[in-house]
Amino acid sequence: VLPFFQLYSAFGLIDTHIHFEMELPDLDFFHHHSEARAALAASEFPKKLLNAGFTTVRDLASSRNVAFELRQAIRDGRMAGPRVFSVGIA
């Protein structure tokens with residue numbers, strides 16, 4: 001028997017304004033490295049979001065395809081992360 005009065009439950013959170021590329025080390029990194037390197041640098045952000053309780057996020061514009069690649073990796077089960085909706089390339 002579990003004492004339910006000591007347990008908490010919450011629905012997943014939704015963040016409707018994120019930028020995966022803003023998780024890069026700095027803007028110089030963003031402007032001077034390849035798209036592949038940018039995706040690798042941003043690849044820990046989805047797991048951080050999921051661990052914080054966000055089950056759905058919306059990436060508002062990228063200058064490259066980083067958000068699309070992260071979204072596909074999550075869908076394919078290659079990495080942990082929330083459901084991603086991406087607005088596309090700005």
> Is there a donor-acceptor pair under 3.5 Å between the side chain of His19 and the backbone N or O of Leu60?
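Looks like yes, one N/O pair under 3.5 Å.
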> Verify, without hydrogens or angle tests, whether Arg83 (side chain) and Thr56 (backbone) share a donor-acceptor contact under 3.5 angstrom.
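No.
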> What's the shortest heavy-atom distance between Pro82 and Pro46, and which atoms?
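The pair with the smallest heavy-atom distance is CD-O, 3.2 Å.
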> To the nearest 0.5 Å, tell me how far Ser43 OG sits from Phe20 CZ.
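Rounded to the nearest 0.5 Å, the OG-CZ separation comes out at 10.5 Å.
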> Rounded to the nearest 0.5 Å, how far does CD of Gln72 lie from CG of Asn65?
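So the CG of Asn65 and the CD of Gln72 are separated by 12.0 Å.
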> Does Asp15 reach the main-chain N or O of His17 with its side chain, forming a donor-acceptor pair under 3.5 Å?
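Yes.
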> Are Leu49 and Ile74 connected in the hydrophobic side-chain network, where two residues link if heavy atoms are under 4.5 Å apart?
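Leu49 and Ile74: one cluster.
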> Starting at NZ of Lys47, measure out to CG of Leu70 and round the result to the nearest 0.5 Å.
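So the NZ of Lys47 and the CG of Leu70 are separated by 14.5 Å.
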> To the nearest 0.5 Å, how far apart are CZ in Arg71 and CE in Met79?
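Those atoms lie 13.5 Å apart.
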> Indicate, with yes or no, if Val84 and Leu13 share a hydrophobic cluster defined by side-chain heavy-atom contacts under 4.5 Å among Ile, Leu, Val, Met, Phe, Trp and Tyr.
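Same cluster: Leu13 reaches Val84 through Ile, Leu, Val, Met, Phe, Trp or Tyr contacts under 4.5 Å.
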> Testing the basics here: between Gly12 and Thr55, what is the closest heavy-atom pair and its distance to 0.1 Å?
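Heavy-atom minimum between the residues: CA-OG1, 3.4 Å.
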> What's the spacing between Ile18 CD1 and Phe54 CZ if we round to 0.5 Å?
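It is 9.5 Å, given to the nearest 0.5 Å.
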> Could you pull out the closest heavy-atom pair between Val66 and Ala42, with the gap in Å?
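Shortest heavy-atom contact: CG1-CB, 4.2 Å.
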